[in-house]
Each structure stands twice: as structure tokens, then as C-alpha cells.
Peer 1: 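Submitted below is the structure of interest, expressed as C-alpha cells.
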Amino acid sequence: MNLHKLNYFIEIAKQRSYTKASKKLYVSQPALSKQMKLLEEEMGFPLFTRSAKGLELTEKGLSLYRDIEPLLNQLDHVVHQYQNHDTIRFGSTPLLSSYFLHKHYHKLEYTNFQVTAIEDDSQDLIPLLKANEIDAAIVQDIQSVKGLSSTLLFEDEFLAAIPSNSPIASQSSVTLEECFTQKQIIPPKGTSLHEKLQHIMAKNQFKSDVLETHYQAMAGIVSLGTGIAYLPEMMAKQIEYRGVTFLPIKGRPLKRDMYLYAITPSMLDFLFDKLSNESF
């Protein structure tokens with residue numbers, strides 16, 4: 001028995017249709033039917049029955065599916081791990097490269113993992129994925145895109161970066177209302193955090209002065225006593241700026257969901273295993 005038959009069987013079971021599975025596998029429908037007939041002969045029992053809903057797994061077919069599907073996924077992971085000749089082209093942002101990816105390189109030492117594209121806004125990496133210019137990326141706040149595989153990788157909370165000489169810097173936490181009494185240092189227009197902060201200020205009729213700049217410059221500006229900024233927890237926990245105090249914001253109103261994207265499900269599963277379960 002070869003693995004092709006088992007992989008065909010898994011895909012047919014998932015799609016519940018020979019037609020859909022053939023399109024997914026790029027194999028003709030008659031060829032799939034023939035392979036399933038051969039597999040049933042080797043196993044000694046029928047795998048599928050037809051119903052008004054489409055193909056249904058028989059009782060033994062369902063048991064076989066449940067037993068071998070995780071094994072084939074595991075085998076796929078192992079194969080990917082040892083395919084060093086295949087470069088994994090990864091898209092990133094300056095923040096993710098500096099404060100997240102480096103903590104995972106020890107788990108990628110047997111893979112040819114390379115960051116080949118850097119964009120200031122992670123959402124700009126999606127067109128590169130769709131054009132097959134990169135194989136995977138981490139994208140903020142976009143749960144899914146047609147034609148790409150994705151899953152939630154981690155949630156990142158924004159902390160308030162406050163001048164240490166500010167009266168509220170001695171508190172254990174702050175509210176957004178307290179933060180908005182001072183000048184706001186926010187990222188440029190078009191970024192998710194910029195839009196979120198502008199929406200909150202407009203909704204609550206806060207009228208703070210605003211200075212727009214990039215994340216990399218924010219802590220330095222705060223240290224001068226200019227105003228308050230909001231930095232991702234992954235960054236705030238790894239930098240030290242004299243004159244800056246980082247505090248959690250009550251109610252966690254500013255956070256972002258970071259999704260791992262890949263051009264294939266197997267690539268997604270492989271990278272999720274390498275990039276998850278690591279605290280900042």
C-alpha cells in the first residue's frame with residue numbers, strides 16, 4: 001500500500017465528494033475512484049456509502065480516518081522539517097523581526113527559514129502571499145483570506161508608555177481616559193492602532209493633541225516627556241528606556257490578534273508548531 005492512496009482517502013473524506021477532492025488534488029475523478037476501489041480491496045471493507053448529502057464514511061471507514069489522519073499530518077511535519085533544500089520565505093515587520101522571531105530561531109535550526117520580505121504594516125504582506133512571493137507571514141487582525149491557510153498564533157496587548165515624571169506613572173495601571181489627558185503619540189494614519197485610537201477619541205469626544213510617528217521612535221519621544229504612546233507588549237517587555245514607564249491599561253481596550261498565514265495547510269501546521277507556545 002502506498003501513501004498516495006491514504007492521502008487520497010483523507011481528502012475525499014474531508015470533501016465528501018470525488019469531484020471536489022479531484023480538483024483539490026489535481027487528480028482526475030476516475031483515477032480517484034480506481035484508487036479508492038484498490039484501497040477497499042486491500043483493507044477488506046468498504047470505505048464510503050452514498051447518501052443524499054453526498055459521500056458518507058462507513059463505520060470502519062470513519063475509524064480508519066480518525067486513526068490515520070493525525071499520523072499522516074505528523075509524517076508531513078517530519079518531512080517538512082528535513083527538507084532543508086526548500087527555503088521557507090517568510091514575511092515580517094520590523095517589530096516582529098526584532099521582538100518575536102528571534103526567540104524561535106532555535107526551533108528552526110534544521111530548516112532553511114529566511115525572512116525575505118519586510119513591511120511596516122503586516123497587512124501589506126498578504127498580496128505577497130497571494131502572489132507566491134513569500135511562503136508564510138504573521139498578519140495582524142485579519143482572520144482569514146481566501147486561498148490562504150491561517151490560524152491565530154497569539155494575542156498581543158498594548159501597554160501605555162508614560163513619561164516617568166508623570167503623576168500617573170506611579171500607578172499600577174491606567175485608564176484610557178487618564179492617558180487622553182496628555183498628548184497622544186500614535187502610529188501613522190492607515191495603521192490599525194491609529195484608526196482604533198482615533199475612533200475611541202471621537203466616540204468619547206476626547207480632544208488630545210496628536211503626534212504621529214513610527215513605533216521605533218515612540219519610546220524615545222515619550223522619554224522626553226512629550227506625551228503618552230502605546231506599544232505592543234512584546235516590544236515593551238524587551239526594551240528599557242530611561243524616563244519611560246510601561247503600564248497596563250484597565251479593561252485591555254487596545255490589543256491585536258496575530259494570525260499565522262501560509263500558502264499551504266502543511267506549511268501552516270509546521271510553522272505553527274515552531275512559532276507557538278513562547279512567552280514574550
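Everything numeric here is computed off the predicted structure, so don't read it as measured data.
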Peer 1: Under a 3.5 Å distance rule, please check whether Glu212 uses its side chain to pair with a backbone N or O of Ile186 as donor and acceptor.
Peer 2: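 A pair under 3.5 Å: no.
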Peer 1: Count the heavy atoms belonging to other residues, nucleotides or ligands that lie under 6.0 Å from NE2 of His102, then report whether that count exceeds 12.
Peer 2: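 Count over threshold, so yes.
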Peer 1: Mind checking whether Lys189 and Glu195 have side chains closer than 4.5 Å, heavy atoms only?
Peer 2: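 Result yes, sub-4.5 Å side-chain heavy-atom pair found.
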Peer 1: Taking atom CD as the centre, does Glu41 end up with more than 12 heavy-atom neighbours from other residues, nucleotides or ligands that are less than 6.0 angstrom away?
Peer 2: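 Yes, enclosed.
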Peer 1: Side-chain contact, heavy-atom cut-off 4.5 Å: Pro187 with Tyr215?
Peer 2: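 Yes, close enough: below the 4.5 Å cut-off.
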Peer 1: Quick test of your reading: applying ring pair (Phe, Tyr, Trp, His ring centres under 6.0 Å), list the pairs with at least one residue in residues 168-200, sequence neighbours left out, ordered by first then second residue.
Peer 2: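 Listed once each, the pairs are Phe180-Phe206.
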Peer 1: If we ignore hydrogens and angles and just use 3.5 Å, is the side chain of Asp156 paired with the main-chain N or O of Pro232 as donor and acceptor?
Peer 2: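 Checking the backbone N and O of Pro232 against the side chain of Asp156, no donor-acceptor pair under 3.5 Å is found.
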Peer 1: Any chain of hydrophobic side-chain contacts (each under 4.5 Å) joining Met234 to Leu247?
Peer 2: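 Same cluster.
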Peer 1: Please list, one pair per line, the donor and acceptor atoms closer than 3.5 Å that link side chains of residues 133-143 to other protein atoms, with sequence neighbours excluded.
Peer 2:
from   : atom 1 : to     : atom 2 : distance (Å)
Asp135 : OD1    : Arg89  : NH2    : 2.9
Asp135 : OD2    : Arg89  : N      : 2.7
Asp135 : OD2    : Arg89  : NE     : 3.1
Gln140 : OE1    : Arg256 : NH1    : 3.1
Asp141 : OD1    : Asp257 : N      : 2.9

Peer 1: Name all pairs fulfilling the ring pair (Phe, Tyr, Trp, His ring centres under 6.0 Å) condition that reach into residues 46-71, sequence neighbours left out, sorted by first residue then second.
Peer 2: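 Residue pairs passing ring pair (Phe, Tyr, Trp, His ring centres under 6.0 Å), neighbours aside: Phe9-Phe48.
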Peer 1: If you round to the nearest 0.5 Å, how far is OG1 of Thr93 from CG of Leu125?
Peer 2: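 Those atoms lie 7.5 Å apart.
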Peer 1: Can you list, pair by pair, the side-chain donor-acceptor contacts under 3.5 Å of residues 217-225, counting residues two or more places apart and other chains?
Peer 2:
from   : atom 1 : to     : atom 2 : distance (Å)
Ser223 : OG     : Gly220 : O      : 2.5

Peer 1: List for me each residue that meets side-chain hydrogen bond (donor to acceptor under 3.5 Å, both in side chains) alongside Arg252, sequence neighbours excluded, and say none if there are none.
Peer 2: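 Residues passing side-chain hydrogen bond (donor to acceptor under 3.5 Å, both in side chains) with Arg252: Glu155, Glu157.
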Peer 1: Got a donor-acceptor contact below 3.5 angstrom from the Lys196 side chain to the Lys255 backbone?
Peer 2: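 Here the side-chain-to-backbone pair exists.
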Peer 1: Treating Ile, Leu, Val, Met, Phe, Trp and Tyr as nodes and any side-chain heavy-atom pair under 4.5 angstrom as an edge, say whether Leu38 and Leu47 lie in one connected cluster.
Peer 2: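 No, because Leu38 and Leu47 fall into different hydrophobic clusters, even though each may have its own neighbours under 4.5 Å.
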Peer 1: Under a 3.5 Å cutoff, is there a donor and acceptor pairing between the side chains of Gln29 and Thr19?
Peer 2: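 Distance-only check passes for Gln29 and Thr19.
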Peer 1: If we ignore hydrogens and angles and just use 3.5 Å, is the side chain of Ser164 paired with the main-chain N or O of Val244 as donor and acceptor?
Peer 2: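 A pair under 3.5 Å: yes.
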Peer 1: Just wondering, do Lys237 and Phe246 contact through their side chains at under 4.5 Å, heavy atoms?
Peer 2: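 Not in contact.
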Peer 1: Thr181: which residues meet the side-chain hydrogen bond (donor to acceptor under 3.5 Å, both in side chains) condition with it, sequence neighbours left out?
Peer 2: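 Testing Thr181 for side-chain hydrogen bond (donor to acceptor under 3.5 Å, both in side chains), a comparison that skips the adjacent residues, returns none.
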Peer 1: With a 3.5 Å distance limit and no angle check, can you tell me whether Lys274 reaches the backbone of Asp269 through a side-chain donor-acceptor pair?
Peer 2: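 Checked: no pair found.
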Peer 1: Within a strict 4.5 Å, meaning less than it, do heavy atoms of the Thr151 and Tyr259 side chains meet?
Peer 2: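 Thr151 vs Tyr259: side chains apart.
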Peer 1: Counting C-beta onward and ignoring hydrogens, is there a side-chain heavy-atom pair between Val210 and Leu197 closer than 4.5 Å?
Peer 2: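 When only atoms from C-beta onward are counted, Leu197 and Val210 do not touch, as no gap falls below 4.5 Å.
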Peer 1: Taking Leu128 as the starting point, is it possible to reach Ile118 by hopping between hydrophobic residues whose side chains are less than 4.5 Å apart?
Peer 2: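 Ile118 and Leu128: separate clusters.
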Peer 1: How far apart are the C-alpha atoms of Asn7 and Glu11, what are their side-chain angles, what is the distance that settles it, and do they pass the side-chain hydrogen bond (donor to acceptor under 3.5 Å, both in side chains) test?
Peer 2: CA-CA 6 Å; Asn7 281 315; Glu11 192 59 42; over 6 Å; no
Peer 1: Looking only at heavy atoms, what is the nearest atom pair of Val174 and Cys179, with distance?
Peer 2: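 Answer, listing the atom of Val174 first, then Cys179: CG2-SG, 3.7 Å.
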Peer 1: Taking Ser28's backbone N and O only, do any of them form a donor-acceptor pair with Tyr18's side chain (distance below 3.5 Å, no angle check)?
Peer 2: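 Absent.
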